[in-house]
Amino acid sequence: MNQLKSALNALYITEGVAGTKFYHLSTALSKSVSLCDKLTMNANLPLSHWGTKTQMKERYCVKCEAAGAEALTQAGIALTAPEQQ
């Protein structure tokens, strides 16, 4: 895969526009729409942040996680059993 195609297919953490601290995964081609087809906005979080929960009670889309599981695993992110939403 060439570098441009690889960069366009890269995953980014995005935040849903319907609520705060609810995160999705999007590609560089469409950061405004998640892998699960929800409207999103840029979250400015590194992919390594995926799944991190703090006192802010972040939530992560299980549909996006399933769709991006291979890329998350390749990025070194340990996937746990998804929580019910």
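The stretch residues 25-45 participates, sequence neighbours left out, in no ring pair (Phe, Tyr, Trp, His ring centres under 6.0 Å) pair at all.
Residues I13 and W50 come closest through the heavy atom pair CD1-N, 3.6 Å. The two residues L11 and L35 have their closest heavy-atom pair at CD2-CD1, 3.9 Å. Counting all heavy atoms, side chain and backbone alike, C36 lies closest to K63 at CB-CB, 3.8 Å.
The main-chain N or O of L39 is never found under 3.5 Å from a side-chain atom of S32 such that the two would form a donor-acceptor pair. Judged purely by atom type and a 3.5 angstrom limit, S26 uses its side chain to pair as donor or acceptor with the backbone of V33.
Contact annotation: the side chain of E65 approaches that of L72 to within less than 4.5 Å [non-hydrogen atoms, C-beta and beyond].
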Going by atom type alone, with no hydrogens or angles, which donor-acceptor pairs under 3.5 Å involve a side-chain atom of residues 17-24 and a protein atom two or more places apart or on another chain?
none

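In this structure, OH on Y12 lies 12.0 Å from CG on L25, to the nearest 0.5 angstrom.
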